[in-house]
Amino acid sequence: NVTITGTTNVFNYNIGALTGLHVESNGAISVSGVTANSNPNSNGAYLQSTGGNITVDLSTFNSNDIKGLHAKTVGSGNITLTDVNANNNGYSPFPDGDGLRIEANGIVIVDGVTANSNKVNGATIDNSTVTATVTVTNSSFSGNFNSGLFVAGGGDVTLSNSTFGDLGIGNLNKGLDIASNGDVTLTSVTASYNDVKGAYISNALGMGNITITGTNTFNNNSGGDGLHIQANASVVVDGVTANGNYAYGAYVDNIVGPV
């Protein structure tokens with residue numbers, strides 16, 4: 001196992017490597033109190049575990065030329081991010097510039113994350129090869145040059161109390177883009193002022209339900225629908241405001257199940 005802890009772990013301005021902090025382990029990786037900022041031609045951090053979990057908290061990955069943080073589990077392994085900042089990553093010569101790239105063969109939990117103003121997506125989460133959950137809470141993904149958050153999920157996806165574009169900080173593509181084989185649940189999210197759609201949710205290749213509850217806002221998305229849903233099972237929409245969008249306020253395509 002690998003553990004990095006404390007409050008003064010700084011990996012900034014490293015030249016000639018592909019990451020400021022690079023960790024590969026056959027066991028668990030736990031990172032706390034890390035700063036990996038402004039690494040030229042590099043990721044802020046790359047963490048890969050074969051057979052263990054990855055945990056990152058109270059850490060910052062800002063203004064790196066490629067990705068902010070790339071976390072990957074090979075074999076079984078969960079990934080948990082808590083109180084993480086990944087902003088302003090990506091530089092024009094490089095095709096890759098997510099704030100966060102999470103690839104897991106297990107559960108993904110994201111809580112208290114800010115991933116704003118990145119060259120590509122604010123965050124990309126992919127655990128599509130396994131039937132495991134993705135949970136995102138209390139987080140912000142805004143002002144990114146592509147989508148705020150992209151999720152490719154093999155299991156249930158749950159998002160709550162999070163923002164995917166708002167007034168003055170919209171994303172240049174979709175605010176929220178979800179492709180899941182399981183249930184998708186949104187509670188009290190905002191996906192507004194994006195240049196294409198506010199939120200695109202699809203589990204058309206699976207049989208999961210889609211549920212939107214609480215207070216949800218999908219307003220003033222300038223290139224498409226406020227909320228776009230593709231489903232094969234039931235869709236429940238309660239507590240949605242979708243005004244001022246270029247196309248539909250809400251579009252639901254559900255051939256099989258009830259709405």
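The two atoms that bring Asn39 and Tyr13 nearest to each other are OD1-N, 3.3 Å, heavy atoms only. The shortest heavy-atom contact between Asn243 and Asn219 is N-OD1, 2.7 Å.
Residues Thr60 and Asn37 form a side-chain contact, since some pair of their non-hydrogen atoms from C-beta on lies under 4.5 Å apart. With a 4.5 Å cut-off on side-chain heavy atoms, Ser30 and Thr3 count as touching. Within the 4.5 Å cutoff, no side-chain heavy atoms of Asp65 are placed close to those of Ser42. Looking at heavy atoms from C-beta onward, Val110 lies out of side-chain contact with Leu100 at the 4.5 angstrom threshold. Contact of the Leu159 side chain with the Leu149 side chain is registered, since non-hydrogen atoms from C-beta on lie closer than 4.5 Å. With contacts defined as side-chain heavy-atom distances shorter than 4.5 Å, the pair Asn12/Thr35 qualifies. Contact check for Leu47 versus Val23: side-chain heavy atoms found under the 4.5 Å cut-off. Proximity of Ile210 to Val252: side-chain heavy atoms (C-beta onward) are nowhere separated by under 4.5 Å.
Annotation: the span from Ser128 atom OG to Asn181 atom CG amounts to 8.0 Å, rounded to 0.5 Å. Atom CG of Asn87 is separated from atom OG of Ser142 by 10.0 Å, given to the nearest 0.5 angstrom. Taking CD1 from Ile79 and OG1 from Thr73, the interatomic distance works out to 4.5 Å, rounded to the nearest 0.5 Å. Atom-to-atom distance recorded for Asn209:CG and Asn232:CG is 10.5 Å, nearest 0.5 angstrom. In this structure, CG on Leu69 lies 11.5 Å from CG on Asn62, to the nearest 0.5 angstrom. Taken from CD1 in Ile66 to OH in Tyr91, the straight-line distance is 12.5 Å, to the nearest 0.5 Å.
Using modelled atom types, no side-chain atom of Asn89 and backbone atom of Gly97 make a donor-acceptor pair closer than 3.5 Å. Side-chain atoms of Ser49 come within 3.5 Å of backbone N or O of Gly27 as a donor-acceptor pair. No donor-acceptor distance shorter than 3.5 angstrom exists from the side chain of Asp57 to the backbone of Asp83, with no hydrogens or angles considered. Between the side chain of Ser162 and the main chain of Ser139, a donor-acceptor pair closer than 3.5 Å is present. In this structure, Ser63 contributes its side chain and Ser38 its backbone to no donor-acceptor pair below 3.5 Å.
In the hydrophobic clustering of ILVMFWY residues, with side-chain heavy atoms under 4.5 Å counting as a link, Leu81 and Phe11 come out together. Placement of Val113 and Val31 within a single hydrophobic cluster is found when ILVMFWY residues are connected by side-chain heavy-atom separations under 4.5 Å, directly or transitively. A continuous path of ILVMFWY side-chain contacts below 4.5 Å connects Ile178 to Val237, so both sit in one hydrophobic cluster. With hydrophobic clusters built from ILVMFWY side chains whose heavy atoms lie under 4.5 angstrom apart, Val134 shares a cluster with Val189.
In this structure, Tyr46 and His70 have perpendicular ring planes: the angle between them is above 60°, well past the 30° mark.
Side-chain atoms of Asp98 and Thr124 form a donor-acceptor pair, as typed in the model, at a separation below 3.5 Å. Remark: the Thr82 side chain and the Asp111 side chain contain no N/O donor-acceptor pair separated by less than 3.5 Å. Residues Ser76 and Asn105 bring no donor and acceptor atom of their side chains to less than 3.5 Å of each other. Side-chain N/O atoms of Tyr193 and Asn220 include a donor and acceptor closer than 3.5 Å. A side-chain N or O of Asn194 and one of Asn171 form a donor-acceptor pair less than 3.5 Å apart. For the residue pair Asn43 / Asn64, no side-chain donor-acceptor distance below 3.5 Å is found, with atom types taken as modelled.
Test Val2, Thr50, Ile54 against Ser25 for side chain to side chain contact (heavy atoms under 4.5 Å, CB included) and you get one pass: Val2.
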**side-chain contact (heavy atoms from CB on, under 4.5 Å) assessment of Ile201 paired with Leu186** = CA-CA 10 Å; Ile201 304 169; Leu186 272 58; 3.8 Å; yes
